[in-house]
Amino acid sequence: METILNKLRKAAPAAALLLTVAAGTALQGCQKTNGNDATGATASALSSDAASQVYVAPGKHDELYSFLSGGFNGQVSVYGLPSGRLLKIIPVFSQHAENGYGYSEESKAMLQTSHGFVPWDDLHHPKLSRSKGMTDGRWLFVNGNNTPRVARIDLTTFETVEIMELPNSAGNHCSPYPTNNNEYVIAGTRFSVPLDMKGGTGDVSLDSYKDTFRGSISFIKVDQEKGDMDLDFQILVPGFDYDLANGGKGPSEDWVFFTTYNSEKAGTLKEVGASQNDKDYLAAVNWKLAAKYAKEGKAREMPANYYHNKMDKGTHTAKSTVKKKVRYLLPEDCPGLMYLLPAPKSPHGIDVDPSGEFMVVSGKLASAIPVFSFSKMQEAIKNKQFDGEKNGIPVLKYESVLAAEVKEPGLGPLHTEFDGKGNAYTSMFVSSEIVKWKLKDFKVVDRIPVYYSVGHLMIPGGDTKEPYGKYLVAMNKITKDRYLPTGPELAHAAQLIDISGEKMKLLLDFPTVAEPHYAQAIKADLVAPKSVKFHKLDENKHAYVAKKESDASVTRQGNVVRVKMTAIRSHMTPDNIEGVQVGDTVYFHVTNLEQDWDVPHGFAIMGANNAETLIMPGATQTLKWVPKKAGVFPFYCTDFCSALHQEMQGYLRVSPKGSNVPISFSTGKKKAASVALK
Amino acid sequence: MKKQLIQFINRIKTPLKVNAVALVCAALLFSCSSEKKETKEEYNIKEETTTEAPVAAEAPAADEGKGVGPVKSVEVGAEVDQALAATGKSLFEGKCSACHQLSDQKVVGPGLAGVTERRKPEWIMNMVINPEEMTKQDPTAKKLLAEHLTQMTNQNVNEQDARALLEYLRQNDKSKG
């Protein structure tokens with residue numbers, strides 16, 4: 001046994017690792033223990049019945065949908081839990097080669113910004129919409145980090161339906177955080193920037209950081225019925241770096257909390273410059289009071305320039321609006337709006353427990369995890385237990401707001417989630433483990449290794465009033481040796497951990513798409529029944545829809561040729577087109593006539609620079625094509641649809657510019673119709 | 001035991017050359033924890049049997065030629081209801097004409113001339129409303145699928161609209177010649 005293992009290890013290290021797993025399992029089977037032996041990290045952590053706990057039989061559905069942000073791919077990926085099966089990728093801030101998002105004429109507007117067309121961004125935090133502090137399965141809000149944007153995904157279609165750019169923001173990281181009834185989605189800037197108060201950043205010397213740079217917190221109002229977003233106002237805050245945010249609940253539900261680092265206001269070599277102070281701050285903002293101040297006229301107005309893009313349900317077409325103004329509040333004008341709580345040291349995650357009493361701050365360079373008490377914070381404000389002020393904002397005394405510190409939790413605490421049973425779980429980036437501790441006495445009770453360098457962790461509903469404390473997902477930054485090698489970069493691992501018992505148990509590793517940041521999960525029952533299965537053709541209001549084959553047409557206006565085409569199993573109408581000339585701009589407006597679930601049709605024509613589009617049942621999508629040479633160009637359906645899918649094709653003739661071939665189009669040759677057709 | 005072992009190997013089969021060793025490990029596992037293994041097998045069997053079977057067979061309607069679906073009986077008048085047929089016409093043009101001609105010409109699906117003489121009205125409506133189940137369970141619809149090879153599209157037609165379509169097809173058949 002040893003020899004064979006060693007031989008294989010030489011031949012293929014990863015294969016050998018798999019074998020170690022198998023061997024470890026075998027060993028455990030014999031011992032009938034949960035294996036605390038040190039035969040290998042995997043073996044020791046994996047219980048022998050783990051596979052049956054994540055096994056979802058063919059045809060069976062997963063219990064939960066989880067939404068993992070893909071980080072630098074600008075997408076959200078949807079995984080079923082507990083199986084870890086990838087169900088869907090939702091493009092948000094990135095063009096997507098699977099369904100033409102960002103390529104089709106209808107969706108291009110979604111990626112428009114004041115900087116032009118930005119087809120790629122860094123997406124970090126998915127947050128589910130809420131009712132009464134609980135996820136309601138209607139929408140998912142996500143942030144674009146690099147070119148500051150907030151997007152809304154409609155969970156009936158799993159499609160991005162709205163993207164709003166945020167002015168006065170840079171590195172839109174502590175974002176987006178919905179309040180308990182979706183009144184607002186709140187987004188803070190990670191990087192402070194010098195605002196020129198004219199809608200851009202000032203052209204100032206970088207030495208002037210301390211004096212000229214400011215942060216902003218954006219308050220996006222959400223329509224309660226439709227979900228549409230509107231930037232109501234911003235708060236201009238001191239020039240720190242605002243890292244993460246989280247909302248209160250219960251007694252603290254009027255408040256939202258932001259971690260900050262760089263209270264030093266360093267503008268260079270931040271890894272040193274921003275780690276000087278022993279304590280940075282947790283910024284507590286009373287969002288209800290802020291909304292009241294803004295409504296009552298405390299808000300000032302400044303010029304702005306930002307894009308607001310919306311997908312129209314009826315026309316399947318996105319439109320951009322450019323907004324030119326933004327209202328803002330200054331905390332120094334608004335007493336009671338904002339307080340600073342000293343937090344050690346370079347804090348990252350801020351998480352509020354299900355009761356709304358405890359605010360847990362994870363200081364990535366701190367040795368203990370401070371837990372603040374909301375009721376003590378209220379007392380301290382009442383009794384003015386201040387330790388000076390920063391930019392007119394009162395700083396509360398650390399001891400006056402502290403509930404306790406969790407001692408020696410591990411190295412590099414980042415994020416905390418809750419199981420609803422009185423336990424908190426904190427990810428430890430440096431020591432690669434998840435640490436479980438009790439909110440009752442702040443004592444560590446369990447720890448489990450993860451592979452490796454965990455960032456965020458997620459418990460379904462772990463940031464709501466009632467978490468669903470059955471599973472925990474660890475999202476890891478480094479994966480080396482967990483999978484077969486695939487080049488310099490490996491798929492990042494997510495790990496599913498059973499938290500239903502006293503001891504955490506590792507159940508499953510599954511690879512993710514791009515670096516996973518935060519995630520949220522929800523019971524499938526809350527989303528699945530509302531899922532759109534096809535778009536109703538009757539309700540298709542696209543400007544160039546063809547609702548039946550007899551509506552299909554080819555028309556010329558100047559050098560623009562519009563083809564209104566229909567697709568149904570298994571032909572396109574028209575499938576013979578003539579009269580197009582070199583240099584024409586040809587728009588193929590293709591309507592999928594199907595009213596059947598899961599039967600999209602594709603459309604592609606040789607040489608098109610956008611290449612393809614994909615049309616959902618009942619929808620219309622447009623492919624733009626400028627033919628560069630004369631000849632005959634075939635087009636066809638790219639999404640397998642039926643036994644005669646291959647035959648779903650046609651030809652388009654392109655003649656030289658100025659030729660006299662008239663526009664004509666046809667499909668098949670029909671026999672004389674009977675009387676009823678007249 | 002041997003059978004279980006083969007099943008296990010099949011389950012973990014990978015393109016890697018690790019089967020031999022995995023086999024040894026597997027053998028180890030089974031030799032000392034057969035109890036566990038049996039539980040697992042039971043679990044699998046249970047799961048397989050509960051895996052969704054194609055819709056529980058309703059009373060085979062084929063004998064009566066009414067097809068499979070929600071429509072059990074339809075009253076048709078001696079004369080064509082012109083208003084209803086007009087509604088059917090517009091529905092037909094939107095949802096059916098991409099694949100069906102009113103003549104005897106096959107396009108994607110069969111030409112529909114004479115269909116109301118060939119089939120019972122219930123069959124026609126069930127075919128319109130419930131095409132997937134029909135091509136799986138109704139012997140006539142099965143044959144049509146074998147002939148035309150394209151699954152009839154579910155155009156999400158409700159019973160009322162299917163009735164109108166039926167009337168339009170009756171009008172077509174009565175007006176010919």
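Within every chain, numbering begins at 1; the chains are lettered A, B, ... in the order of the sequence lines, protein sequences first and strands thereafter.
Scanning all heavy atoms of the two residues, the minimum distance from L644(A) to T150(B) falls at CD1-OG1, 3.6 Å.
With values rounded to the nearest 0.5 angstrom, K548(A) atom NZ is found 8.5 Å from S97(B) atom OG. Atom CE of M152(B) sits about 10.0 Å away from atom CZ of R569(A), to the nearest 0.5 Å.
The closest donor-acceptor contact from the side chain of Q155(B) to the backbone of L593(A) lies under 3.5 Å. In this structure, H571(A) contributes its side chain and A98(B) its backbone to a donor-acceptor pair below 3.5 Å.
Counting heavy-atom neighbours within 6.0 Å of E79(B) CD, excluding the residue itself, gives a total of 12 or less. Applying the 6.0 Å contact sphere to CZ of F640(A) captures more than 12 heavy atoms from other residues, nucleotides or ligands. A 6.0 Å sphere centred on NZ of K530(A) holds more than 12 heavy atoms belonging to other residues, nucleotides or ligands. For K106(B), the NZ atom sits in a packed shell: over 12 heavy atoms of surrounding residues, nucleotides or ligands are nearer than 6.0 Å.
Side-chain contact check for N156(B) versus K533(A): every heavy-atom pair is 4.5 Å or farther apart. Here the side chains of Q151(B) and V599(A) are not in contact, with every heavy-atom distance at 4.5 Å or above.
In this structure, chain B has no heavy atom under 4.5 Å from any part of T573(A).
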